[in-house]
Amino acid sequence: MVAASHKLYAQTARNSSFIPISQHYQHTNKQLLESRLISLLDDCKNLHQIKRVHAQIICYGLHQSSFVLTKLIRMLTKLNAPMDPYPRLIFQQVKQPNPFLWTSLIRGYSLQRPLFESILLYNSMRRHGTGPVSFTFSALLKACTAALDVGLGRQIHAQTISIGGFTSDLYVGNTMIDMYVKCGFLDCGRKVFDEMPDRDVISWTSLIVAYSKRGDMESAGGLFDELPTKDMVAWTAMVTGFSQNARPREALCFFERMENAGIETDEVTLVGVISACAQLGATKYANWVRHVAEKSGYGPANNVAIGSALVDMYSKCGDVEEAFKVFDKMRERNVFSYSSMIVGFAMHGRANAAVQLFHEMVKTDIRPNGVTFIGVLTACSHVGMVEHGRHLFTMMEKSYGVTPTLDHYACMVDLLGRSGCLEEALELVRTMPMDPHGGVWGALLGACRIHANPDVAEIAASHLFELEPNGIGNYILLSNIYASARRWDDVARVRKLMREKGLKKNPGSSWVEGKKGEIQEFFAGDMTHVKSREIRQALEDLMNKLQLHGYEPNLSCVPYDLSDEDKKRILMTHSEKLALAFGLFSTSAGCTIRIMKNLRICEDCHSVMCGASQIASREIVIRDNMRFHHFKDGKCSCGNFW
DNA sequence: ATAGGGTTAG
């Protein structure tokens, strides 16, 4: 071992432009030399530079200095360099390593081969009679966190108690909280927190984040209120907490409070705010937050995370062109940027653009991940590129090392099912290597609606009713599939099942942004809007014109056994039609009408939108619960495939 | 040495 490491040193010295020490330095006192070498190590940016300094350490005769070598190993850890063989050999050279040197190696291993080596080293350290320092426990706890091994974490916890003196250490306490919450034992983390004699803002923030990750914003908020000195990170944790829990309004509200409290904000805060605006899907907020970010000096050109968040925001606000402009401006791009753009294109029916961008991406050195494949597979699905999708699906693991998850199987079932290969889709569900989840069966059920196949639908639905007993959408889908086959008895049976379970259909609603960015909401069948007279008038005008062009109401979109007249009346007051009528008379000619709705758009509304875009020469963009439809000159971007 | 970030389908 010793011989090997000498060889290594010789090599290091040979490879570096090593300068012999002057006589002068040999008399310099050791401590001064040590601190000089440490600051040299601090400036190292890569392995090569570290090895050069290492050669100097040896020449100065400091290869026994735990102090300097600890720094060296920490720098290597920072660079994510393997602990074997280089740092390990350095360590083995030292006859009497101090606890810090032991610990630096334990810490290094904690990131790479988490538990095994770290614990082994800790045991030999104890056998050598070297007492641990608080950093030792932090390192061990980090190793447990990385391995998500709460069992060992508890044992380390017990050690800190039995050895004594460490339970009151702030760093150990904070790392312990982190270990418990990352392993999913929030209550244990809370207990550590409650028993800590001293806490700092980091202890509080760890818990706040833990509660918000669990979706419990009330507890997170309670802690935040009690936190005596709130810093930027703590505030940001609340903003992103609300944002990640799909509560965008509260996120924005917190951001405003944060600014009013005079707290600085940085790019991390802004990313959370941008994501909240994306969820609101309103251009008013999009433009506002873009302005706020740029005022603080952050934009697509200088920050990847901000850029990627903006790409996502613009595509969710219905402006995929702007999303691409942002993407284009980004100087640095990563897997998030590409995935957001690919998903954005797919969402807007720009399947070819999505697939093309994917192929551009794999030419760079950025590796696609699971999300990227979701994006590109849905894109294939939307244009019926079955063969290409199949090819990508087989390549994702083989060529890109991304193991397909349940969601990827759902995409494949969707791809096969949509294109009419229902039997093959069912076969895939039956032969897939893991148990299908609701998404997989749901994709199959959706395909059965498109291809009016009640038999396969029954199979999918029976699984869905077990997996998602309260998923109202599944019951409605099945009943619609029965309705389109005119199996009214079965429709009644499903409706009864829904009633028994106490499930209520969400009322359909659509909303548009008015001239000043104000939101106008419409509910299906509700004619009590202040402008309902104008709406009715605009709707009738439109229908008359459409009928001259051969439009007939598509009565099969009403899944009830009613008279044709009743069906027509119901169809006419679908919320998106009301919103369209409002948009037509309340905005000036040539202005794009943007509508959002909470449910999937029905076929009748879809064809009305197509017709209206032509007759009124308007671009219409509708975001339903899944994706965007761009209507222009009588055609929709989805190619009637949704 | 410990705390906060962007993308996911029916």
Side-chain angles (χ1 to χ4, degrees), chain A residues 74 77 100 103-104 107 133-139 141-142 145 169-179 181 200-210 212-213 231-241 243-244 266-275 278 303-313 315-316 334-344 346-347 369-375 377-378 381 405-415 417-418 437-450 460 464 468 471 473-474 477 600 625-627 642:
Chain A
R74 278 193 206 168
T77 304
F100 292 96
T103 303
S104 67
R107 175 82 179 96
V133 291
S134 62
F135 179 40
T136 316
F137 287 113
S138 295
L141 288 165
K142 270 243 140 219
T145 312
D169 187 278
L170 193 54
Y171 293 130
V172 173
N174 284 346
T175 333
M176 193 109 67
I177 295 178
D178 192 53
M179 185 275 296
V181 303
D200 62 4
V201 66
I202 293 174
S203 338
W204 288 85
T205 311
S206 301
L207 270 188
I208 289 172
V209 171
S212 81
K213 288 256 153 80
D231 68 357
M232 179 171 75
V233 178
W235 278 95
T236 303
M238 289 302 291
V239 173
T240 29
S243 179
Q244 288 167 344
D266 69 358
E267 78 272 23
V268 184
T269 326
L270 284 167
V271 164
V273 180
I274 295 171
S275 164
N303 190 298
V304 235
I306 294 268
S308 311
L310 287 173
V311 167
D312 174 58
M313 180 185 75
S315 51
K316 287 194 176 139
N334 61 16
V335 61
F336 284 94
S337 339
Y338 275 98
S339 305
S340 300
M341 196 63 244
I342 289 169
V343 169
M347 226 173 15
N369 66 13
V371 180
T372 325
F373 278 102
I374 296 278
L377 287 175
T378 23
S381 172
T405 64
L406 284 165
D407 294 334
H408 295 102
Y409 278 95
C411 286
M412 281 312 284
V413 170
D414 185 61
L415 174 74
R418 257 178 216 281
H437 68 342
V440 172
W441 289 115
L444 190 62
L445 187 63
C448 292
R449 183 198 57 78
I450 297 170
L464 277 168
E468 303 174 346
N474 303 325
L477 258 180
R600 186 181 161 281
N625 55 348
M626 301 310 311
R627 53 195 274 194
W642 84 100

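Keep in mind that the numbers below use all heavy atoms, side chains included, and drop hydrogens, waters and symmetry copies. A, B, ... follow the sequence lines: proteins, then strands. Residue 1 opens every chain.
One can place CG of A:Leu270 at 13 Å from C1' of B:dG4, the figure rounded to the nearest angstrom. Nucleotide B:dA1 holds its P atom 15 Å from the CG atom of A:Asp200, rounded to whole Å. Atom CG of A:Leu170 is separated from atom C1' of B:dA3 by 12 Å (rounded to the nearest Å). Taking atom CD1 on A:Ile177 and atom P on B:dT2, their separation rounds to 15 Å, with Å as the unit.
A:Asp178 and A:Thr175 form no side-chain donor-acceptor contact under 3.5 Å, judged by distance and modelled atom types alone.
Remark: A:Asn625 engages A:Arg600 in a side-chain contact (heavy atoms from CB on, under 4.5 Å) (not counting sequence neighbours). With sequence neighbours excluded, the residues forming a side-chain contact (heavy atoms from CB on, under 4.5 Å) with A:Ala305 are A:Val271, A:Asn303, listed by chain and number. Shown here are the side-chain contact (heavy atoms from CB on, under 4.5 Å) partners of A:Phe336, two or more places apart in sequence or in another chain: A:Ser308, A:Asn334. In this structure A:Ala210 satisfies the side-chain contact (heavy atoms from CB on, under 4.5 Å) test together with A:Val181, A:Leu186, sequence neighbours excluded. For the side-chain hydrogen bond (donor to acceptor under 3.5 Å, both in side chains) test, residues two or more places apart in sequence or in another chain that qualify with A:Thr269 are A:Thr236, A:Asp266.
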Protein-to-nucleotide contact annotation, 5' to 3' order, nucleotides 5-10 of chain B [B base; S sugar-phosphate only; - none; under 4.0 Å, heavy atom]: BBBBBB
